[in-house]
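What follows is a set of notes on a single structure, which appears directly below.
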Amino acid sequence: MFHGDDGPSHNKVSSVLLSWYASNKRVLPWRDPQGLPTDPYRVWISEIMLQQTTVPTVRGYFERFISRWPSVQDLAKASLDDVLHEWQGLGYYSRAKNLHKCAVMIVEAFDGTFQTAEKDFLSLPGVGPYTAAAIQSIAFNSPSTVVDGNVERVIARLFSLKTPLPQAKAEIHKLAGHIRSEEEPSNYAQALMDLGSSVCTPKAPKCVICPLEKFCSAKKHNPESFPIRQKKKEKPTRRGIFYFIQDDKGRVLLEKRPLSGGLFSGLMALPSEGWDTTDDDPVTRLKIKNIKPLPEKVRHVFTHFSLIAEVRYAESTIAEGVWVFPEALSNYALPTLMKKIFKLTLPETVE
DNA sequence: CAGCCGTGGAA
DNA sequence: TTTCCAAGGCT
C-alpha cells in the first residue's frame, strides 16, 4: 500500500501534521480558541455553510445565524422563511431548508440532543459522508475519515495519484483512512483541511513550508498537476426574461419559487421565463401587458450554466403573488440575481 | 454515474 | 475576460 521507505508512514505523517497545526491554527468563529470541544450545534451549522463555500464568505453568515438562533431548539422554532432570509446570498438554498428540517428532527426525534454516532448524522437530510465524518471527529473527537476537496488534493499529491477525479474518490478515501492516526481526531481532521487550504493549495502550493514535503511524491514532479481531473463540460449560456411589474402604488410583483426544488427554491423572485426547467408562461398567466425592455442585460453565472437575463418593465392587474413596496424588499429572501436586477430597476432602494 | 444546485474570489 | 473551484449532497 505504501511506497516503501519514502512513502507516507501514517504515524509520522499524523505527528508532523499535528505539531504543524499546533502552531498554525487559525482562529475561526466556529473554533474554540483554547482548542476545547466546540458545541456540536456550531460545528454542524458551520459544516453545512462551508459546503462548497469559502471561509471568508461563511464567516459573516455564521456569526449572524448563531446570534439569531444560538441553539438547535431556537432554530427548530424559527420559520423556514426566516432561515432562508438569513441564508440569502449564500447559495445552494436547499441547505437552509434541510438545516431547518434537521433542527425539527433533532428536537422531536433525538430529544434535542445531538447523537454521537456517525450513522445518525448520515440519516439527516443534507448531511453526507463528508459532513457526518467532520461532525463525528471535530465535535466529538471521535476517529473518522474526513475527506473534503482539500484532503482529496493533499492525498492525490502525497501519492501522485494517476486516477482522475471523481473516479479516484474511493481510492482517496481508502488512502486517507490508512494515513490518519486515531490520536486527536478533531485536531487531525482540521489540520489536514487547513494544510490543504493554506499550504497545499490548488495553484502555487507552498511546498517550501509544507510539513509533509518529505513524504510527498508529487513534490519532485509537478504538484500543481494533481489531482488529475476529468475534463469539464463546457458551460452553456441560457437567456431568460424577467418581468419587473409595478402597480400604481409602486409595489413590485414577487412570487415564491417552488419549495420542491429547482433554482432559488423557497426564495422570492420576479416572474420569469425561458431560462429554468419550468415551462411557465407568465405573460399569459399574469395577463402581462405594456411590455418595455430595459436596454441593459444582467449576467449571472450558475454552477452548470451562464445566464443572460433580459429585464422587461410591464404591467399586470392580477391579485395573486406578493406585491412588495421597494422599501420592504429587504424583508424577503432574495437570490443574488434578483438583487442585481433591482440594482438596475430600483437603484435607490437596494444596498 | 452525471446532472443539478449559487456565489464570489483569485489568478 | 476566462477559468477554476471552494470544509458537498441529492437524484
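By convention in this document, chain letters (A, B, ...) are assigned in the order of the sequence lines, proteins followed by strands, and residues within each chain are numbered from 1. Any value given below was found using the heavy atoms of this structure, including those in side chains, with hydrogens, waters and symmetry copies removed. Note that the structure is predicted; figures quoted are calculated from it, not measured.
Evaluation of atom-type donor-acceptor distances gives a pair under 3.5 Å for the side chain of A/Thr303 against the base of B/dG6. The base of B/dG6 sits with one of its N or O atoms less than 3.5 Å from a complementary donor or acceptor on the side chain of A/Thr53.
Heavy-atom distances to DNA chain B give each of A/Val301 and A/Arg238 a nearest nucleotide, and the one nearer the 5′ end belongs to A/Arg238. Ranked by how close their nearest DNA chain C nucleotide is to the 5' end, A/Leu50 and A/Pro125 are led by A/Leu50. Mapped onto DNA chain B by nearest heavy atom, A/Gln230 and A/Arg95 fall at different nucleotides, with A/Gln230 at the one closer to the 5' end. Nearest-nucleotide positions on DNA chain C place A/Thr54 closer to the 5' end than the other of A/Leu124 and A/Thr54.
Spacing between B/dG6 and C/dT11 at atom P, rounded to whole Å, works out to 14 Å. Here, C/dA7 and B/dA10 have their P atoms 14 Å apart, quoted to the whole Å.
Using a 4.5 Å cut-off between side-chain heavy atoms of Ile, Leu, Val, Met, Phe, Trp and Tyr, with links allowed through other members, A/Val301 and A/Val298 fall into different hydrophobic clusters.
In this structure, A/Trp275 and A/Phe305 have tilted ring planes: the angle between them lies in the 30° to 60° band.
Among the protein residues, A/Gly196 comes within range of no part of the nucleic acid, since none of its heavy atoms lies under 4.0 Å from any strand. Residue contacts for A/Asn98: at a heavy-atom cut-off of 4.0 Å it reaches no nucleic acid atom on any strand shown. At the heavy-atom level, A/Leu90 lies under 4.0 Å from base atoms of the strands shown. Residue contacts shown for A/Thr131 are limited to sugar-phosphate atoms, with no base heavy atom under 4.0 Å away. Here A/Arg26 lies in heavy-atom contact (under 4.0 Å) with a base. Residue A/Gly261 is classed as having no contact, given no heavy-atom separation below 4.0 Å to the nucleic acid. Nucleic acid contact class of A/Leu28 (heavy atoms, under 4.0 Å, all strands): base. The residue A/Arg31 sits close to a base: some heavy atom pair falls under 4.0 Å. Within 4.0 Å of A/Pro56, counting heavy atoms only, lies no atom of the nucleic acid at all.
Residue A/Thr336 places at least one side-chain N or O under 4.0 Å from the OP1 or OP2 atom of B/dT7. For B/dG6, neither phosphate oxygen OP1 nor OP2 lies less than 4.0 angstrom from any side-chain nitrogen or oxygen of A/His300.
The closest donor-acceptor contact from the side chain of A/Glu47 to the backbone of A/Thr131 lies at 3.5 Å or more, if one exists at all. Here the side chain of A/Gln88 pairs a donor or acceptor atom with the backbone of A/Leu334 at under 3.5 angstrom. A/Glu213 places no side-chain N or O within donor-acceptor distance of the main-chain N or O of A/Ile209, the cut-off being under 3.5 Å.
Among B/dG3, B/dG6, B/dA2, the nucleotide with an atom closest to any side-chain atom of A/Phe264 is B/dG6.
Nucleotide B/dT7 holds its C1' atom 13 Å from the CD atom of A/Gln88, rounded to whole Å. A straight line from CG of A/Leu267 to P of B/dG6 spans 9 Å, rounded to a whole angstrom. Note: NZ (A/Lys339) to P (B/dG6) measures 16 Å, nearest angstrom. When the P atom of B/dA11 is taken as reference, atom NZ of A/Lys206 falls 8 Å away, rounded to whole Å. Rounded to whole Å, atom C1' of B/dG3 lies 16 Å from atom CZ of A/Phe302. As rounded to whole Å, 9 Å separates atom P of B/dC5 from atom CH2 of A/Trp275. Rounded to an integer number of Å, the gap from CD of A/Gln167 to C1' of B/dA2 is 14 Å. Regarding A/Leu165, its CG atom lies at a distance of 11 Å from the P atom of B/dC1, rounded to whole Å.
A cation-pi arrangement is present between A/Arg251 and A/Phe325 under the rule of less than 6.0 angstrom and at most 45 degrees off the ring axis.
Chain A approaches DNA chain C over the interval C/dC5 to C/dC10, counting the first and last nucleotide 5' to 3' with an atom under 4.0 Å from its heavy atoms.
A/Ser197 and A/Asp194 form no side-chain donor-acceptor contact under 3.5 Å, judged by distance and modelled atom types alone.
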Ring pair (Phe, Tyr, Trp, His ring centres under 6.0 Å) for A/Trp87 and A/Tyr61? Distances and angles first, verdict last.
CA-CA 7 Å; A/Trp87 205 270; A/Tyr61 282 91; 7.4 Å; no
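The neighbour count for A/Arg299 CZ, taken as heavy atoms of other residues, nucleotides or ligands under 6.0 Å away, does not exceed 12.
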